[in-house]
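Written out below as structure tokens is the structure these notes cover.
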Amino acid sequence: MSTASATANRTAVVTGASSGIGAATARQLADAGYHVVLTARRKDRIEALAAELTAAGHSAAAHALDVTDRAAVDAFAASLDRCDVLVNNAGGAIGAEPVATGDPADWRTMYEVNVIGTLHVTQALLPALIASGDGTVVVLSSTAGHATYEGGAGYVAAKNGARVLAETLRLEIVGLPVRVIEIAPGMVKTEEFAKTRFRGDAEKAEKVYAGVAAPLTADDVADTITWAVTRPSHVNIDLLVVRPRAQASNTKVHRDL
Ligand code: 8X3
């Protein structure tokens, strides 16, 4: 069966679809034949992308959503006819201060979005994913969910939470027709990730990638997500770690400076 016929009439929900990895994933899943539902807080951006996909002959819709708002997530879930794939991409880092001086408010925000947001959407859509008879949950963790680094503790703690959510859910629902896939990207250069982490400081954000010949792009990660999601349904890619060739570990990066 071709990928397009396997995905016909199937719905994929992508959170954080307004930019970066989420937007690229929405595009690639639409290309693979899914009806794509884009969610994010920024309505204008997801509506523009849904319109662009629709104009290109794809099937796409936009639904403004803050994943930390449980009532809004439940209302969103109730509005869907079906859900076959959920890509929990909404998340991110705020701050790179050491433990000694990190702002607890930043830590809380990162936990809320990366862990509780993923929990909200996964809980709300799990009945539909099970009812689909062949569901897939993707959790975008990070290499930060697997090893720590200086200045990363708040984000590393949150991404460990996302990783544990995925691992535990996989244990708990074994026997049900739903796969749980964790994708853990390393250094990815997107328009917003590092800028958000450094509170809008473009210079600091640029330094993250200084001298790195080819950091991953949002499209590279979307490609791994789409590949994992489009494997035959008995194949569960438990965990896929993806880094640029220049990055051997979270703290070992080759830079041409
Ligand atoms: C992003 C990877 O190295 O900034 O999830 O923690 S890192």
Side-chain angles (χ1 to χ4, degrees), residues 14-25 40 67 87-99 101-103 106-119 138-167 181-225 228 237-255 257:
V14 181
T15 69
S18 52
S19 72
I21 293 169
T25 301
V67 295
V87 180
N88 285 297
N89 164 73
I94 306 170
E97 291 78 18
V99 172
T101 56
D103 185 343
D106 289 339
W107 283 54
R108 260 186 218 110
T109 302
M110 287 189 278
Y111 194 83
E112 276 291 326
V113 181
N114 292 286
V115 185
I116 304 298
T118 299
L119 177 68
V138 177
V139 173
L140 255 290
S141 65
S142 166
T143 48
H146 293 263
T148 196
Y149 54 92
E150 290 151 285
Y155 181 62
V156 167
K159 285 301 191 185
N160 268 274
R163 172 181 61 77
V164 167
L165 186 159
E167 282 183 11
I181 296 172
E182 180 194 347
I183 306 283
M187 184 185 282
V188 187
K189 189 172 183 182
T190 60
E191 51 181 311
E192 293 185 319
F193 177 83
K195 230 189 258 177
T196 304
R197 177 169 227 169
F198 293 106
R199 307 173 212 282
D201 186 329
E203 211 174 302
K204 274 192 186 165
E206 205 45 48
K207 274 200 185 133
V208 171
Y209 312 102
V212 179
L216 295 180
T217 65
D219 271 330
D220 293 326
V221 181
D223 182 45
T224 67
I225 295 168
I237 307 298
D238 282 8
L239 167 65
L240 196 156
V241 178
V242 53
R243 301 181 192 269
R245 191 175 59 192
Q247 184 183 33
S249 80
N250 291 4
T251 52
K252 180 76 178 173
V253 178
H254 179 75
R255 298 178 193 271
L257 292 172

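First listed ligand is number 1; within each ligand, the first listed atom is number 1. Atom set for the values below is all heavy atoms of this structure, side chains included, hydrogens, waters and symmetry mates excluded. We count residues from 1, following the sequence as given.
Looking only at atom types and distance, the side chain of Ser19 has no donor-acceptor partner in the side chain of Glu191 under 3.5 Å away. Side-chain contact check for Thr109 and Asp106: no donor-acceptor pair (N or O, by modelled atom type) lies under 3.5 Å.
Between Tyr149 and ligand 1, a contact under 3.5 Å exists for at least one N or O pair. Backbone and side-chain nitrogen or oxygen atoms of Ser142 are examined, and one is located within less than 3.5 angstrom of a nitrogen or oxygen of ligand 1.
Residue-ligand proximity, Gly186 to ligand 1, at heavy-atom distances under 4.0 Å covers atoms 1 (C), 2 (C). Distances below 4.0 Å separate heavy atoms of Arg197 from the following atoms of ligand 1: 4 (O). For ligand 1, the atoms sitting less than 4.0 Å from at least one non-hydrogen atom of Tyr155 are 1 (C), 5 (O), 6 (O), numbered in the order shown with element in parentheses. Near Ala144, meaning under 4.0 Å from any of its heavy atoms, are these atoms of ligand 1: 6 (O).
Side-chain N or O atoms of Tyr149 include none that pairs as donor or acceptor with a backbone N or O of Ser249 at under 3.5 Å.
The two residues Ala153 and Val99 make their nearest non-hydrogen contact at CB-CG2, 3.6 Å.
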From CA spacing to verdict: side chain to side chain contact (heavy atoms under 4.5 Å, CB included), Asp223, Val221 = CA-CA 5 Å; Asp223 182 45; Val221 181; over 6 Å; no
